[in-house]
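Each residue takes its place number in the sequence, starting with 1.
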Amino acid sequence: MSQQFHYSMTAIAKPSPEFYSVFSPTEVLELMEALKLYREIPLKYSYKGTGAKIWNKFYQNHVIAKWYQKPNVEVELLQQNFLYINGSYQKVAKVNIVDVGAGNSYPVKGILAQLHKLGKINQYIALDISQELLSISQANIKKWFPSLKIHTHRVDIEKQTIPLDILTTSSDDEINHIANIFLHLGVTIGNHQNRNKALQNLKNSMNQLDLLIFTNEIGSNSTWNQDPRGGCKYHVEGIYKWIQESLGIKPEHCQLVRKYDFETDSITASIKFKKNYTISFSQLDMEYNVEFSQNEEITIWRHHKYQLPELIQDIEKAGLQVVDYSRSGNLSHIMVICKVAS
């Protein structure tokens, strides 16, 4: 009895110095609010600091096709839809590639090479919430295409539209012959905590010449076979360990749980506490506590597969119109091309 009582006592975790160096005071407050209200650390924050290295390593080891493998589905879909990327659809001379959630820029390497060779690209604009990933992206682009004009900017597409000055770096005469191709790849739309807000912000960043091209998985979430793969397996394992270390949660006090979440119709990964826990944040020389009971969970990763009718509904709700879409060979992924609804 005494041993059981001792184990159920509340443990206190204090975030590491790295945590406070990676996240701004505003972001710390946002994380605290997300933990209190939603019991979640939004996945976008896991791409900052050491999280950027974790994601980049996952991508290089498990997503980039080896020389003896077929290109991954996203690269194939980009090639299939190149006529929408090179300005042919809008009949413009050049395009800006606006990569929203650019990561390490590997998915766009092939199409950038083609556009560069054809003289069709005006500039590449890499946007991401993570400065660390933007640095990786910029280094890669400079290595692959030394003469290509590149701009990088920190943007959280769930919270803001893309500032106009980022997109209008050309003269008025040039703008009339340049379209922005907004890319939102990596099935990232399905990872957002607020997918509708992300789509609305993308739409509000576009003009009539522009196109939005994004990818996601297609299918039923509720019929998941509980066999983790891809990001749900390898990326989750990395961020689970990093979040433990960043928040000061002892590994023996928690476990990793992957499951179908009925409320959000998503596959999620969570930290499940084996005992009562308090995470104590320091902010402006004051302490703020977020408390968890034994068996409560913190969601650290989520992905929502779309059914096609639901996807079209969300696109139209955001004020966008589907121009075209295509499916991968195994029908697991979709690439959607949208414009601002007329």
Side-chain angles (χ1 to χ4, degrees), residues 11-56 58 101 103 128-133 154 156-159 186-195 197-198 228 231-251 253-261 263-264 266-274 276-283 287-304:
I12 297 177
K14 291 182 179 290
S16 67
E18 186 208 2
F19 174 86
Y20 292 106
S21 69
V22 167
F23 297 104
S24 68
T26 299
E27 289 171 331
V28 172
L29 290 173
E30 290 172 355
L31 280 163
M32 288 165 49
E33 183 178 26
L35 285 169
K36 285 182 177 179
L37 296 180
Y38 307 111
R39 294 325 210 207
E40 180 167 4
I41 297 176
L43 180 60
K44 61 187 179 183
Y45 292 119
S46 294
Y47 298 107
K48 295 171 67 71
T50 301
K53 295 179 182 178
I54 291 169
W55 182 85
N56 191 43
F58 152 71
D128 208 288
I129 192 174
S130 167
Q131 185 58 53
E132 294 84 359
L133 283 177
R154 281 193 62 207
D156 181 352
I157 200 62
E158 279 189 272
K159 291 177 57 181
V187 301
T188 303
I189 196 70
N191 296 135
H192 288 305
Q193 192 178 39
N194 191 333
R195 298 185 299 276
K197 187 63 177 175
C232 186
K233 177 173 174 58
Y234 301 107
H235 187 210
V236 163
E237 289 171 354
I239 61 177
Y240 172 69
K241 183 178 179 182
W242 178 60
I243 289 174
Q244 282 180 16
E245 294 171 351
S246 296
L247 295 182
I249 300 169
K250 293 184 178 180
H253 290 168
C254 61
Q255 66 184 97
L256 175 60
V257 175
R258 299 177 179 92
K259 65 182 181 181
Y260 167 69
D261 180 57
E263 186 176 344
T264 61
S266 302
I267 308 304
T268 63
S270 304
I271 295 174
K272 183 176 182 178
F273 290 105
K274 296 180 179 179
N276 298 338
Y277 240 85
T278 296
I279 303 176
S280 182
F281 294 91
S282 295
Q283 192 78 316
E287 289 201 348
Y288 299 86
N289 295 332
V290 183
E291 297 178 347
F292 298 88
S293 300
Q294 183 178 356
N295 294 323
E296 271 200 284
E297 299 176 11
I298 299 174
T299 301
I300 60 171
W301 184 94
R302 68 166 62 251
H303 185 69
H304 174 79

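Within the 4.5 Å cutoff, no side-chain heavy atoms of K274 are placed close to those of K250. Contact check for F19 versus F281: side-chain heavy atoms found under the 4.5 Å cut-off. Between I271 and I41, the closest side-chain pair of non-hydrogen atoms is not below 4.5 Å. Between S293 and N276 there is a side-chain heavy-atom pair separated by less than 4.5 Å. In this structure, I298 and I279 have side chains that are in contact, with non-hydrogen atoms separated by less than 4.5 Å. Counting heavy atoms from C-beta on, the side chains of I249 and F273 come closer than 4.5 Å. The shortest side-chain heavy-atom distance between S46 and W301 does not fall under the 4.5 Å cut-off.
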Handout entry: Worked check of side chain to side chain donor-acceptor pair (under 3.5 Å) between Q193 and Y38
Key = CA-CA 10 Å; Q193 192 178 39; Y38 307 111; over 6 Å; no
Practice task
Start with the C-alpha distance between H304 and T264, add both sets of side-chain angles, then the distance that settles side chain to side chain contact (heavy atoms under 4.5 Å, CB included), and finish with yes or no.
Solution key: CA-CA 8 Å; H304 174 79; T264 61; over 6 Å; no
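Salt-bridge formation is detected for the pair K259/E297: a Lys NZ or Arg NE/NH1/NH2 atom is positioned less than 4.0 Å from an Asp or Glu carboxylate oxygen.
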Ignoring hydrogens and angles, write down the donor-acceptor pairs under 3.5 Å from the side chains of residues 47-56, residues two or more places apart or on other chains.
{"residue": "K48", "atom": "NZ", "partner": "E27", "partner atom": "OE2", "Å": "3.4"}
{"residue": "T50", "atom": "OG1", "partner": "E18", "partner atom": "OE2", "Å": "2.6"}
{"residue": "N56", "atom": "OD1", "partner": "N104", "partner atom": "ND2", "Å": "2.9"}

Quiz: residues 231-239 side-chain donor-acceptor pairs under 3.5 angstrom, not counting sequence neighbours:
{"residue": "K233", "atom": "NZ", "partner": "E237", "partner atom": "OE2", "Å": "3.4"}

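Applying the salt bridge (Lys or Arg N to Asp or Glu O under 4.0 Å) criterion to R302, with sequence neighbours excluded, gives E40.
Minimum interatomic distance between R195 and H192 (heavy atoms only, all atoms of both residues): CG-O, 3.8 Å. The heavy-atom pair separating S282 from Y20 by the smallest distance is N-OH, 2.8 Å. Minimum interatomic distance between E296 and E291 (heavy atoms only, all atoms of both residues): OE1-O, 4.2 Å. In terms of heavy atoms, I189 sits closest to A198 at CD1-CB, 4.2 Å.
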